[in-house]
Participant: 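Dropping a structure here in structure tokens format, bear with me for questions.
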Protein chains: 2
Amino acid sequence: MGLQERKRQILKAIIENYIDTAEPVGSKSLTVAFDRPISSATIRNEMSELEEMGYLEKPHVSAGRVPSYAAYRLYVNELMDSAAGLTAEIDAIRMELEGKLHELDDLAYTASRVISSMTNQTTVSAVKSSGAKVQKVELIPTDNGHSYAVVLITASEVKSKMFRSYEPIDQSAVAMLSTALNLALTENRVEYLLPSIARSMGADASVFRLADAVIKFIEEVEREGDGNKVHVEGAEKLLNMREYQDASKARELMEYLSDSEKVMDMLDEAGDEPIGIKIGSELGDPRAKDASFVFTTYDIDSHTKGIIGIVAPTRMDYHRACAHLTAFKQAVRQLGSHPTDIGENDEHR
Amino acid sequence: MGLQERKRQILKAIIENYIDTAEPVGSKSLTVAFDRPISSATIRNEMSELEEMGYLEKPHVSAGRVPSYAAYRLYVNELMDSAAGLTAEIDAIRMELEGKLHELDDLAYTASRVISSMTNQTTVSAVKSSGAKVQKVELIPTDNGHSYAVVLITASEVKSKMFRSYEPIDQSAVAMLSTALNLALTENRVEYLLPSIARSMGADASVFRLADAVIKFIEEVEREGDGNKVHVEGAEKLLNMREYQDASKARELMEYLSDSEKVMDMLDEAGDEPIGIKIGSELGDPRAKDASFVFTTYDIDSHTKGIIGIVAPTRMDYHRACAHLTAFKQAVRQLGSHPTDIGENDEHR
DNA sequence: TTTTAGCACTCTTTTGTTCTGAGTGCTAAG
DNA sequence: CTTAGCACTCAGAACAAAAGAGTGCTAAAA
């Protein structure tokens, strides 16, 4: 159902104008926007057809037109100059980003801060590790004699936690426990370990309790990975936008952002496209119906994926957002693909 | 300069009324608020004196009166029913809190979420560890042969980080490095270690680099402690408040909250009072001049302090806020003072 | 001396009205 | 098919009047 070339041009101009000004655009203001000038009347005709097709709406009869959801969808799919043709700008952004993202460590957090301040928009980011397999456990005594640091190592991640016990713990029993735990890990039978420990060293209750706590921690790490926290950065920037001058509108959206596991879901669903774009109702929540989310996912390691994106009104500058995220993605790849001599990598959460 | 009893009563009534309604309160509406009824004219007289003394202001001549900064200060200092007389309510809140805060682990984050949702207000929290002394380092090889988990143990905290090296690292050299590092730690001379390592094992560049990275990490942990991140929870709740219906007002305050190291400063300054209250301009930032911050600090361990507080318009319900924070403080104390058999404790950041 | 009723006065808020301007849709001519 | 012209619509601004809330002051009552 291809749109004729001129309609596309007009629609594109309307959208970009609206993105810029947040104000309904009228036929007159468009006459200047073309090589061969067209009269406002002609544009009006086209506009009214575009309206019939569902690409434009008017807030009221004597306002200009405003792009509809369908228009934005079309815009990002077909009309927008693709990020591909933008290498120069992207390179510039990437350079700037690379200067600020030194380590994969804490990437999600840092990146959301940096991108939020570069774009002056709200960003949302999250990290999820799944299927992480704990491969090794270390029990490290601390000097006072009754606390233990427990360290788990998964494919490419360390997690640690401190446990304290009221009574001192018998050293040799802990050594045995450690061996047993690691053995159980390689054999994948951690869950059966506790009873047998109870049998073999039942006397020493404190070791048993330590074992219990450690096993719970192992299971938790394997089950939940990284805790899946979602981080919203620069929420206040939404309040700069025309469409969120109304406090209760803004509040709704912010609630959606902070409450939502939707972001995690997107990470799960995210296909292979480099940049994902969810427009308005595609976000699947009435509170976010006037917002869009442009995001990208990236791999931190084989078990850990990250997602980061920009949230803004539907009339956001998709082009710029894509550029930034593309640049980010490149910067990460470069950061990751370069296990330099001592590359610092992720940490505990 | 004690205020006569009746003036105090009237002022208190005005403040509490205003806290409740956010609307200037007039003389008439107060006549009902006393045991022995007083006429509105009398109240008007008192009010106008209170105004002269600087406790009341009027937005304009035919509105009621609004408490001034001085009034709030007086209120929290003298007028407000002290939290002490509230044990029943506090107990109830504490019970609820205890149900939700199981571990010191991640306390700052969890607590801010829980308190924000209980009070329906914005909370700010932060953790700072200072003077932490790294006492032990473990270098744990992971199976692939060229990555190392490095674990630091301070007084009561574990921190870990993964380092990768491109080439495999010689095991025995690492063992030596580990010994050297721990020795240097006990002797407090980590900073002198690197050159001597370079001398003794200069051949093996990868070990040298690992050493370098680990030492940097040690220094970073000792210097910066926990990274001092400030966490703001429930920012959107500000947008429910009358005084932040204006988006740009709200934006300013939110900017202040997320940008600010002021919270950290407060933690540093915080004296021994159980609850701190900063009203309006006391926050020392024009962006926060119409807000107040009620906060409390707590010890996670001897090197780690936390702060958590509630942010709201100056006409916030100080009483309730204090009750919640007092309850929180009690809950934490109970959590901490109870190093049960296996008490789970804090983690890496 | 203190309290209170009464009343004039002030100033915001609300409501209603008119006016203006932007932008459209339609018609008829190019 | 495009464009000029024009009547029409409607939101928002500007203005005016009315309503309402609350005060300050005065003079009488306690």
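Note that the coordinates shown come from a computational prediction; the quantities given were computed from them, not determined experimentally. Computation of the quantities below employed the complete heavy-atom set of this structure, encompassing side-chain atoms and omitting hydrogens, waters and symmetry-equivalent molecules. Convention: sequence-line order gives letters A, B, ...; per-chain numbering from 1.
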Participant: Could you state the CG-C1' distance from A/Leu30 to C/dG23, rounded to the nearest angstrom?
Facilitator: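 From A/Leu30 CG to C/dG23 C1': 12 Å.
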
Participant: So which pairs with a foot in residues 52-61 of chain A pass salt bridge (charged side-chain N to carboxylate O under 4.0 Å, His left out), sequence neighbours left out?
Facilitator: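 Counting only pairs at least two positions apart or across chains, the salt bridge (charged side-chain N to carboxylate O under 4.0 Å, His left out) contacts touching residues 52-61 of chain A are A/Glu51-A/Lys58.
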
Participant: Rounding to an integer number of Å, can you tell me how far B/Glu23 CD sits from C/dT13 P?
Facilitator: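 Between P of C/dT13 and CD of B/Glu23: 10 Å.
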
Participant: Distance check needed: D/dG22 P versus B/Glu51 CD, whole Å only.
Facilitator: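 The distance from CD of B/Glu51 to P of D/dG22 comes to 15 Å, rounded to the nearest Å.
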
Participant: Using a cut-off of 4.0 Å between protein heavy atoms and nucleotide atoms, how would you tag nucleotides 10-20 of chain D 5' to 3' with B, S and -?
Facilitator: BS--------B

Participant: In whole Å, I'd like the distance from the CD atom of A/Glu57 to the P atom of C/dT24.
Facilitator: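 The distance from CD of A/Glu57 to P of C/dT24 comes to 15 Å, rounded to the nearest Å.
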
Participant: Using side-chain heavy atoms (C-beta onward) and a distance below 4.5 Å, is A/Lys262 in contact with A/Val230?
Facilitator: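 No - every pair of side-chain heavy atoms lies 4.5 Å or more apart.
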
Participant: Quick one, give me the B/S/- string for nucleotides 3-8 of chain C, reading 5' to 3', where B means a protein heavy atom under 4.0 Å from the base and S means that only happens at the primed atoms, P, OP1 or OP2.
Facilitator: SBBB--

Participant: Within the structure, does a side-chain N or O atom of A/Lys58 lie under 4.0 Å from either OP1 or OP2 of C/dG25?
Facilitator: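 Yes, because at least one side-chain N or O of A/Lys58 sits under 4.0 Å from OP1 or OP2 of C/dG25.
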
Participant: Scan side-chain atoms only and decide if A/Tyr72 and A/Ser292 contain a donor-acceptor pair under the 3.5 Å cut-off.
Facilitator: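 Per modelled atom types, A/Tyr72 and A/Ser292 side chains form no pair under 3.5 Å.
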
Participant: Out of A/Glu233, A/His231, A/Arg113, which one pairs with A/Ser125 under the side chain to side chain contact (heavy atoms under 4.5 Å, CB included) rule?
Facilitator: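 Only match with A/Ser125 under side chain to side chain contact (heavy atoms under 4.5 Å, CB included): A/His231.
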
Participant: Hey, are A/Lys12 and A/Asp81 close enough for a salt bridge, meaning a charged N less than 4.0 Å from a carboxylate O?
Facilitator: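 A/Asp81 and A/Lys12: salt-bridged.
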
Participant: To the nearest Å, how far apart are B/Arg65 CZ and C/dC11 P?
Facilitator: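 Value for this atom pair: 14 Å.
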
Participant: Can you tell if the side chain of B/Ile15 reaches within under 4.5 Å of the side chain of B/Leu74, non-hydrogen atoms only?
Facilitator: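 No, too far: nothing below the 4.5 Å cut-off.
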
Participant: Can you tell me the distance, in whole Å, between the OH atom of A/Tyr18 and the P atom of C/dG23?
Facilitator: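 Distance check: A/Tyr18 OH to C/dG23 P gives 14 Å.
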
Participant: Rounded to the Å, how far apart are B/Lys28 NZ and D/dA21 C1'?
Facilitator: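 Between C1' of D/dA21 and NZ of B/Lys28: 9 Å.
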
Participant: D/dC1 P sits how many Å from A/Gln4 CD, rounded?
Facilitator: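 My rounded result for the distance is 10 Å.
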
Participant: For A/Lys7, does the NZ atom have more than 12 heavy-atom neighbours from other residues, nucleotides or ligands under 6.0 Å away?
Facilitator: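 Counting neighbours around NZ of A/Lys7, more than 12 heavy atoms of other residues, nucleotides or ligands fall under 6.0 Å, so yes.
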
Participant: Which heavy atom in B/Phe293 sits nearest to a heavy atom in B/Val124, and how many Å separate them?
Facilitator: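 Scanning both residues completely, I find the closest heavy atoms to be CE1-CB, 4.1 Å.
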
Participant: Can a salt bridge be assigned to the pair A/Asp91 and A/Arg94 using a cut-off of 4.0 Å between side-chain N and carboxylate O?
Facilitator: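 Here A/Asp91 pairs with A/Arg94 in a salt bridge, since their nearest N and O are under 4.0 Å apart.
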
